[in-house]
*Asks:* 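If you scroll down you'll find the structure; I have some questions about it.
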Amino acid sequence: MSTLTENLESIRARIAAAARRSGRDPGEVELVAISKTHPAEMLREAVDAGQNLFGESRIQEALEKIPLLPGRLRWHFIGHLQSNKVRKVLPLFELIHGVDSLGIARDIDRIGTELGIHPRILLEVNVSGEGSKHGFSPPVLEQTLEELLSLPRLQVEGFMTMAPLSPTAEASRSFFSALRGLRDRLASSSGVPLPTLSMGMSGDFEVAVEEGATLVRVGSALFSGC
Ligand SMILES: *Cc1c(COP(=O)(O)O)cnc(C)c1O
């Protein structure tokens, strides 16, 4: 078995075990293979091992790679999206993870209208308050959510966050649980379900699953040693 296949099977098993530990159905959690910086051949190996959902953060790189791979694959955009790139990104990616301002949300909505599509997005939340991070602060999100939800084309499916870098996975737990709590409250007050929580990376995806992640974004743990 190739290293990539072994890594993939081990990550899937760890996701499933974390789900069961917390009383969740492993089928509620999907692995987004973060393939940025990795060449198309390596992604093809992951496809052969059964992975068909990938996340990319750099538009130029994605534009070059996606046409080299099977058309049935699904792609998520996980990078910081700028207004002038929206038109390129929307047709290629089924979900945009990092929508971090009302301005970019309006741009996505407007271009969705032009393209005749209903873009699916996640709102990025800066739960930790770190200055270096993108995302809505929780209070700003609360103030802005109604307006975001009123944009006619935009399908707001939930939230995404990144925990601060830390040597231990446990350090991420409070941020993930805070995001889930915020989601529960805002879903209840807005009446919009917001079912998707994108949280957890190579170092902390099991904790994220225990705290309610429905999408985990795993790159280095999957491709390391390949
Ligand atoms: C690169 C990246 C990841 C994957 O990080 P790993 O630690 O390599 O698993 C996840 N989310 C975002 C937003 C990223 O940019």
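Just so you know, ligand 1 is whichever comes first in the structure, and atom 1 is the first atom listed for that ligand. Please read all numbers here as calculations on a predicted model, not as lab measurements.
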*Asks:* Out of all atoms in ligand 1, which are within 4.0 Å of some heavy atom of R217? Include the element for each.
*Replies:* 4 (C), 9 (O), 10 (C), 11 (N), 12 (C), 13 (C)
*Asks:* According to the interplanar angle, ranging from 0 to 90°, do the rings of H80 and H134 count as parallel (below 30°), tilted (30 to 60°) or perpendicular (above 60°)?
*Replies:* parallel
*Asks:* In the protein, which heavy atom is nearest to atom 5 (O) of ligand 1, and how far is it?
*Replies:* M201 CE, 3.6 Å
*Asks:* If only atom types and distance count, is the side chain of S101 paired as donor or acceptor with the main-chain N or O of I104 below 3.5 Å?
*Replies:* yes
*Asks:* Side chain or backbone, does G219 bring an N or O within less than 3.5 Å of an N or O on ligand 1?
*Replies:* yes
*Asks:* Can you find a pair of side-chain heavy atoms, one from N52 and one from L73, that are under 4.5 Å apart?
*Replies:* yes
*Asks:* Which atoms of ligand 1 sit under 4.0 Å from any heavy atom of S202?
*Replies:* 6 (P), 7 (O), 8 (O), 9 (O)
*Asks:* Quick one: look at S220 and ligand 1, take heavy-atom pairs under 4.0 Å, and tell me if it's side chain, backbone, both or neither.
*Replies:* both
*Asks:* Considering only heavy atoms of K36, which atoms of ligand 1 have at least one such atom less than 4.0 Å away?
*Replies:* 1 (C), 2 (C), 3 (C), 14 (C), 15 (O)
*Asks:* Please confirm whether the backbone N or O of E157 pairs with a side-chain atom of R120, one donor and one acceptor, at under 3.5 Å?
*Replies:* no
*Asks:* Counting non-hydrogen protein atoms only, what is the nearest one to atom 12 (C) of ligand 1? Give residue, atom name and distance.
*Replies:* I78 CD1, 3.5 Å
*Asks:* Can you list the atoms of ligand 1 that are under 4.0 Å from a heavy atom of M162?
*Replies:* 13 (C)
*Asks:* Please work out, at 4.0 Å between heavy atoms, whether the side chain, the backbone, both, or neither of H97 comes within that distance of ligand 1.
*Replies:* neither
*Asks:* In ligand 1, which numbered atoms sit nearer than 4.0 Å to a non-hydrogen atom of V218?
*Replies:* 9 (O)
*Asks:* Count I, L, V, M, F, W, Y as connected when their side-chain heavy atoms are under 4.5 Å apart, and connections chain through other members. Are L122 and L90 then in the same cluster?
*Replies:* no
*Asks:* Would you kindly confirm whether L215 and M160 end up in one hydrophobic cluster when ILVMFWY residues are joined by side chain heavy atoms under 4.5 Å apart?
*Replies:* yes
*Asks:* Return yes if a side-chain donor-acceptor contact under 3.5 Å exists between E146 and S190, otherwise no.
*Replies:* no
